[in-house]
Each structure stands twice: as structure tokens, then as C-alpha cells.
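Just so it is clear, the structure is predicted and the values come from calculations on it, not from any experiment.
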Amino acid sequence: MFVLLVFSLHSLLSPALGQTIPEADHSSFIPDSEGDLYFLLDSSGSVSYDEFSKVKQFIGDLLQPFKFGPQDVQASVVQISTNPTLEFSLNQYHSSTDVNKAIQNVQQRMGDTNTGKAIDYVKQNLYAENFGSRGDVPKVLVWMTDGLSTDDISTPMKLLKDMGVSVFIISTTGRGNFQDLSAAASEPNEKYLKFVDKDDLGIITKELRDSIIEHTHTRNLQAQDITSTGFILTWSRLPEDEGRYVLEYVPVSDPGRTQQKIVYGDETSVSVSDLRSNTTYQVTLIPEYSGNYALPEVIMVSTRSEPVEPRSLQVINITATSFLVTWSRVPGDWGSYVVEYFPILDPSAKFQKTLPGDVSSTMVSNLASNTTYQVSLIHESGVQYASIQVSTLMDPIKARNLHAQDITSTSFQLSWSRLAGDTGRYVLEYAPLTDLSKTIQNVLYGDLTSMLFNNLTPDTVYQVTFIPDSKGHFNQVQRIRVSTLPDPIKARNLHAQDRTSTSFQLSWSRLAGDTGRYVLEYAPLTDLTKTIQNVLYGDLTSMLFNNLTPDTVYQVTFIPNSKEHFNQVQRIRVSTLPEVNQRRPLYTREITTSSFQLGWSRVPGDNGPYIVELELMSDPRRKLRKTLSLEQMNVIFSHLSPNTQYRATVFSESNIQHVPPQSIQVSTLEEQLSPFQILISDPSAHSFRVSWGPNLDSVAGYEIQYGPIPSNIVRTLQVDSRVNSTVLENLRSNTTYLVTVSAIFKSGGEKALSAIACTEHNETKVKYLHLKDLGSSTVKATWGSADGDVQGYRVRCRRQAGHSSVISVAPQAKSIYLTDVAEGTMNKICVMPIYKDGDGKNLCRKIQMQPGTSANSYSRI
């Protein structure tokens, strides 16, 4: 007969020692904290009993000062094993004492380390009513781990954090993958990810508790009765009356104007006055007392806007180019004024003048004549006090008779009339209307009334600006537009031939008057900033364009340097042919459960580095990118997941136009598991057989650990990889053992599976047992020696009247006297041999005691 239970674990199962939790001191509770705390406790076989106990003690110490309840902090513990186990829900316990007792009573589950399942379990119950969750409080997850997990944690942990949960990770062994743990923890890692030995957990207790307090601290600071100049601030009272508060408030727009108030600790409100209207203030309440957990609280309070009292805005001293703006001041004005003005026909031409608060007028100048302006008076806070429209006067300037004549394709004559007061100095500016940045300026002196403009572009509109330097009001600027005539130029026969994917031949005809110098500019039509220029001399009538991009439209500009009117610019567009893309073959080899090698061949045109990308087929967002030198044509990807599909892509930055990126899909092998099952058979009092399977070539050997439970005794047996069965001997009889078979793989990895088995009872017993009633309530028990190395005998007397008794005697003893056996009663007496490795079997007899008679009727023994 045997008992078989199978678990996936690495260490022995032991019950947690009970601890007495002292009653909480309610005066030391952390004030004003509200939130749901979730603790993921690694209960798998990879955690030792000692580590598991110290983690529970650490959590108990961490939560000791918190106040628990539906309006305060709630805590829950979920164990990580083969399947997640909820030890207690958030609303199950409402006192610090009960929570600590529940934590210390948690029993280790053993099994696999399926952390991903546990995280997903918490995520699914994050807002479940039967879980005790509250929807409007902060959520904090503390994951206690030895750094190992047998399933994926990245996806469920990301979803959990996306739901607003702050994640702290405490690794007690340093064996975990730092990148995986840092990605799972909240940011920044230096606050949310801690590596600490199990014996040193106490050094981070306060730091972690303070971080949790930051998340759960309730914001009970409130502003009431808000007016344009003040408000009343209220808050919850501190747990002690001693100490004080420091109240700071400052305008957000003016951090330099911070003000402070000192408030005594027994007060819960204060009035703040003499503030600016329509202003946002940052208010900070800083407790200063002997407690350790009161944190500053910060809120934003905006004062209300004051009713705007109209100011009397006026404009006087109006001229053609200026006016004076004046306004009235009212009591209580503070800060600066802004005078804003712009032409009502062009609001984009807006100007502003900022003036001190004690000024009530300003001169606005450099305005356009005969123009209506919108003028506004604005406070620096943005409140508009008043607005008015005003028009400048007309400029009494006589117009000059500006006109063009003798217009050709490349020139025209400009003439004008003179006015009284002209000094004889003029500035004339001209430019093509399509590109005014190419303005040319001419300065004329004397009594000139005309000017010749030449070397112009045919069939082009020019804007000419006439700027006289005159006395009085005769300096008016005038403009005129003049169009040159089209140039009667014969067209050159411009055409492209012999086109390929990277070149073409351009040819043209010559015209009479050509000087034999040409300029040819070309660029991709999609990016004309990449223009390249070539200057040709002689009687050439063609040019080869090469090193071009395939399948691209180029714009070619032909600029001849000819006499007379034959310098016409011509343009043509030419498309290169598409290029047949080459392919770069990819291959994979040496595929394992966690790695493979990717290789490729070099193709013509590869001149730059190779870019290699690896992505998950199930989640393309998870991508790895490597840059390799031109000489390297293979790469090994490792640390991959078993039985997973990946896509690998390779391309060369220098040749991507001719050889597009090539991709290949590859799947890692399934993970080889051994042992997959354990069988216990042939049990006896001191031995049983352990068998496992399957046998794999990848296993270097097996290690068998076994020991009685509960106990810290563990024996180890090394077994060759070709063996899958062995007999464990010299065991205790009638004892439960935990047996763990670990496969040591040639790659260095391990896989363990455990089972529980029981030895049978030792059937050895004494050869005979005689009982004799000696009277006076005395029985003599005599027995025959048991076989084997007897260490002693245990004699039990079950009395019909009175208490039962157990007596241990030496191995040499063969009899014993039992007293205080009531007369006239039926009693049962058993003798059991004791061995080093366990107990033998009881031999029992019953004896009926004789009724009592007078004492002198029997001889005394």
C-alpha cells in the first residue's frame, strides 16, 4: 500500500511555525492612507522553507503600522504555484492583528512557479466585488520572488500596469533575469525594483513602506468659500496634537512670490486672504510633528475673477502716422498694462506695448495713414478693460506721374514727374513679382525724371518701387508693375535617348548665335534641392547622365549662353527605368529550444553594414535589432522561448533600393521535459522503488533527493542518465517521504519533479505476553523478546478506571509491575518493541481484575 502525489518543486514541504502577533498600538497607525494592496507570494518548490518564512515575516513587519478597513488600507495575499491560490481576499480582515495572523498562517503550496498565471488572476479580479476590490482607490502590487518563473510574465504584467496598478518587485536571490524584472516593475526601476538577500529584507522595510504610503496617502486638503481675493483651507486632523503645520501658497505664474503661515497642530482650517483675482495658486500643507508618516499635501486653488470695472479709454493727438492713447485708473489696480493695436483689415499685423501699472498713457507711432486701428487696454492677467477704434489721417501727398514705356523682352524705360520739395535723390527697387527676394536697388541723384531697366527676363512681371527723399509730406512710396515682352526664341530640339535604370543620353540642336557654352542642371523631381550642375564648353550637342536612381523622374534644365535673344531656358523631364531587384537568400541552422543561427549570402552592391531584425510572430511589437559589419554574414540568436515562431529580416542600408529586405520564419524546438512522471512501487517497512521517465539523450544524469516529512533531513543519490529506476533503502518504517528527481541536462539546465511515498509498518512484535493479577491493584506483565536490534520496549496500560499510562523500559527487561489498576475492572495492556529506524508492532492482552477483599486475605508482594 502506498500514497502517490505529484508536484513540480525543488525544495521540501514544511509547515510554517505558528507565531504570536502582538496587539496593534492604534496610536502608531499610519494616518490618511487608503488603497488596495496585493501581495504575490512565491510558494513554489524553488523557494526554501527558511526563505518562505522570512518573506512572510517581512510582509507582516511591512504592514504592521497600517490601519485596515473599508475606508482605509486593504490587503490580500495570492500564492504563486502551479495554479494561483487566494489565501485571503481584500475585505476578509479589518485589523492589523488579523492580517498579520493570516499572513503567518500561510502554508507553502510547492509546485511550479507559474507567476504569469498569478498575475493574470489578480488582473481578472482587480475590480471584482467578491475579491473585496474598490474601484476608486490606488492599487499597489508587491511581488516577492526568487527571480524564477516557468511561464511568461511580460504580457499579463503590462496589462496590469495599464490598468493603473503600481508594481513593486522584491527579488531575494538575484537569480532572475534583470531585463525581464526591470520591464515588469513600474518606473523608475531604482524605486520599484529591489534585489536583497532573504536575511537582509529588514533593511528595505521602511523604504518600501514609505513608497506604498506615497501611493495610498489620501488627499484630504480642500479649499472652500473661494472668492476673488481669498479662500478657506480645511484638512483632517493629525493623530497627535503636538507639532504644527507650515502653510505655503504661491501664484503658479509667479513662483518668486511664495508666502508662508504657521498653523498649530490642533487646527484643521485656516483663512487665506489678500490674494490676486483670477489667479491659480499652489497650496502646500507641510506637517511638522514627531510622527514618521505624515506627508506634505499639495492642491491647486484658483481665485474667482473680479467684475471688470470699465476704464475710460481715449485717443487724442491723431496724425497720419500716430496718436496718443490715454486711460483712467481705478483703486486696486495692480500689475502692468498691455496696449494692443492692429489694422482692422489685417488683424495678423498685431502689435503690443507693455507698460508699468502706474502709467496711464502711451504714444503709438509708425502707423499707416488713412487706416482704421483697433486699440485695446488689457491687464497682464489677460482681462480686457476697454477697446476703441481710431482712424489715422490721410497723408496730403500729390501723386507723381509714374509710367513705363519702350517695353521690350529684356528692358523698359521708367519716367516720373517731380514735385515741389524734391531734393533730387531717389531710390528705385525692382524684382520679379514671383520672387521678391531678388530685389535690386538703384540710387539716383540730380534732377533725373527717368531710368532705363535692362538685362531683364522676357515675359516676366516686375514690381518697381519708387522711394523719393523729399521734404515735408512728399516722401510717399509708389509702386508700379511692368511686364516684359515674350522673347521670340526658336526652340531647341531637346530630347532623351538610351535610357537605362541608372542613365540616359540628352541631346539638343544648336541655334545661330550660340557661343558654345551651356549649363545643364538636373535633380529628382521629388527633391529639387539635390540639384547637380554641369558646365559644357565647345560645340557639344549631347551629354550622358549616369549614376542615377532607378525608377525616378528627373527634371533637366538647359541654360544656353547665347548672343541676342537666344538664351531661352528649357526644361525636360526624363524617367529612369525600374531595376530588377535581386534577392538575398537566407537560411537557418542549429535550431534548438532557445536559439538558432541565421545566415545569408552577399550580393553585388552591398557596401554598408547589415541590419538584422528579429520579431515575435505573435507580437511584432517585441523586436530585436542588430547592426553587423559587412564582413559578418551570420548571427546567433539565443535566450529565445521554446516552441515559438519568430521572423528574421536582413537588409543592407547601402543596397536597399536594389535588394529589398528579405525575411524568413523559424520556430524554436519544443522544450524536452524529463522526468515527465514519477512512480513509487514495491513499498516495505524500510524501502520502496522510485521510477521515472522518459529517458532523453539530452540528460547527463539524475539527482534524487529524499527525506521524511516533516523534517529538515535530506539525503542525495546520484544516478546515471541510462537508469530510470532505483530502490531507496534504510528508511524508517511507517514514515512519509518526499522524493524529488532532478534531471541535469547536458546544456546545463535542470528539471525537477517530486512525489510523496510512505513506508509500511514494521511487523516485528514480542513473542508472547502474559498478564497476572497479583492483587492490591497490581498486575505483572511478562513477555518474550522481539527479534532484531531492539532499543527498548514501550508498555501501554489502558485502564477502565483512571488515566492510561505509557512506560518505556530497557531492552534487557522482560517484565514490569503495573499498579493503581482498579479492582474488578477490565484493562488492556500492550507491549511494542522500539528500533532505531521505527517502531515495531503492538502485542496486546486484556485482564479482568478480581473484586476487592480484605487486605489480610493476600500475602503482600
Side-chain angles (χ1 to χ4, degrees), residues 1-3 680 682-689 706-715 727-738 756-861:
M1 173 181 179
F2 60 93
V3 179
I680 307 298
D682 303 333
S684 67
H686 303 291
S687 67
F688 51 77
R689 176 175 291 278
Y706 60 99
I709 54 176
S711 170
N712 287 329
I713 300 174
V714 180
R715 298 178 185 175
V727 176
L728 301 181
E729 300 178 319
N730 300 322
L731 308 178
R732 297 179 184 174
S733 63
N734 192 27
T735 303
T736 301
Y737 281 81
L738 179 65
I756 291 177
C758 298
T759 54
E760 297 185 344
H761 285 279
N762 192 335
E763 296 295 333
T764 305
K765 57 185 178 181
V766 296
K767 293 184 174 61
Y768 61 83
L769 174 61
H770 299 309
L771 304 177
K772 185 176 183 181
D773 182 359
L774 300 180
S776 299
S777 304
T778 302
V779 174
K780 180 180 180 181
T782 304
W783 61 87
S785 300
D787 294 334
D789 186 12
V790 180
Q791 302 296 307
Y793 297 93
R794 184 179 295 116
V795 181
R796 179 184 297 274
C797 178
R798 298 183 184 272
R799 295 177 173 84
Q800 183 179 349
H803 296 290
S804 299
S805 60
V806 177
I807 303 172
S808 296
V809 299
Q812 299 84 7
K814 300 299 183 292
S815 63
I816 190 174
Y817 293 90
L818 303 172
T819 59
D820 299 327
V821 183
E823 296 174 341
T825 61
M826 177 67 74
N827 301 277
K828 184 178 181 181
I829 299 173
C830 300
V831 179
M832 175 190 293
I834 307 300
Y835 297 90
K836 286 183 179 180
D837 57 356
D839 301 337
K841 190 174 181 180
N842 269 327
L843 182 60
C844 300
R845 295 285 188 270
K846 292 182 180 179
I847 183 172
Q848 175 69 45
M849 301 299 292
Q850 297 298 323
T853 57
S854 58
N856 58 4
S857 300
Y858 300 89
S859 58
R860 187 168 184 83
I861 302 301

(message) Could you tell me if the side chain of Tyr737 sits less than 4.5 Å from the side chain of Leu728, heavy atoms only?
(response) no

(message) Suppose we screen for side-chain hydrogen bond (donor to acceptor under 3.5 Å, both in side chains). Which residues come up paired with Asn842, at least two apart in sequence or across chains?
(response) none

(request) Drop me the distance from Ile829's CD1 to Trp783's CH2, to the nearest 0.5 angstrom. (result) 10.0 Å

(request) Check whether any side-chain heavy atom of Ile807 sits under 4.5 Å from a side-chain heavy atom of Leu818, and report yes or no. (result) yes

(request) Give, for atom CD1 of Ile756 and atom CG of Leu738, the distance between the pair rounded to the nearest 0.5 Å. (result) 5.5 Å

(message) Going by the rule side-chain contact (heavy atoms from CB on, under 4.5 Å), which residues pair with Val806 if we only count those two or more places apart in sequence or in a different chain?
(response) Arg794, Arg796

(request) Provide the closest heavy-atom pair for Pro833 versus Lys841 in the form atom of the first, atom of the second, distance. (result) CD-O, 3.5 Å

(message) I need the Asn712 CG to Ile709 CD1 distance, nearest 0.5 Å.
(response) 12.0 Å

(request) Only counting residues at least two apart or in another chain, list the ones meeting side-chain contact (heavy atoms from CB on, under 4.5 Å) with Glu729. (result) Ser687, Val727

(request) May I ask you to decide if Arg732's main-chain N or O and Thr759's side chain share a donor-acceptor pair within less than 3.5 Å? (result) yes

(message) Restricting to non-hydrogen atoms, name the atom on Leu769 and the atom on Val831 that form the minimum distance, rounded to 0.1 Å.
(response) CD1-CG2, 3.7 Å

(request) Could you tell me whether the side chain of Leu731 reaches within less than 4.5 Å of the side chain of Tyr706, counting heavy atoms only? (result) yes

(message) Donor-acceptor pair, distance only, cut-off 3.5 Å: does the side chain of Thr825 make one with the backbone of Glu823?
(response) no

(request) Answer yes or no: is there a side-chain heavy-atom contact under 4.5 Å between Phe688 and Glu760? (result) no

(message) The criterion is side-chain hydrogen bond (donor to acceptor under 3.5 Å, both in side chains); which residues satisfy it with Asn734, sequence neighbours excluded?
(response) His761

(message) For Gln848, give me all partners under side-chain hydrogen bond (donor to acceptor under 3.5 Å, both in side chains), at least two apart in sequence or on another chain.
(response) none

(message) Among residues at least two apart in sequence or on other chains, which ones pass salt bridge (charged side-chain N to carboxylate O under 4.0 Å, His left out) with Asp820?
(response) none

(request) For residues Lys765 and Ala786, report the shortest heavy-atom separation together with the two atoms involved. (result) O-CB, 3.6 Å

(request) Could you tell me whether the side chain of Lys767 reaches within less than 4.5 Å of the side chain of Asp787, counting heavy atoms only? (result) yes

(request) Name all residues meeting the side-chain contact (heavy atoms from CB on, under 4.5 Å) criterion together with Lys828; count only those two or more places apart in sequence or in a different chain, and write none if there are none. (result) Arg798, Cys830, Cys844, Lys846

(request) Kindly indicate whether the side chain of Pro811, heavy atoms from C-beta on, has any atom under 4.5 Å from the side chain of Gln791. (result) no

(message) If you compare all heavy atoms of Gly784 against all heavy atoms of Val766, which two are closest, and at what distance to 0.1 Å?
(response) O-CB, 3.2 Å

(request) Kindly compute the distance separating NZ (Lys780) from CD1 (Ile816), expressed to the nearest 0.5 Å. (result) 11.5 Å

(request) For the residue pair Met849 and Asn827, establish whether any side-chain heavy-atom pair is separated by less than 4.5 Å. (result) yes

(request) Of all the heavy-atom pairs spanning Asn730 and Arg715, show the shortest one and how long it is. (result) O-NH1, 3.3 Å

(message) Filter on disulfide (SG to SG under 2.5 Å), then keep only pairs touching residues 761-796, sequence neighbours left out; what's left?
(response) none

(request) Can you sort out the partners of Ala813 under side-chain contact (heavy atoms from CB on, under 4.5 Å), two or more places apart, ordered by chain and number? (result) Val809

(message) Give me each pair satisfying side-chain hydrogen bond (donor to acceptor under 3.5 Å, both in side chains) with a member in residues 805-816, each pair once, sequence neighbours excluded.
(response) Ser785-Lys814, Arg799-Ser805

(request) Not counting sequence neighbours, which residues clear side-chain hydrogen bond (donor to acceptor under 3.5 Å, both in side chains) with Thr819? List them please. (result) none

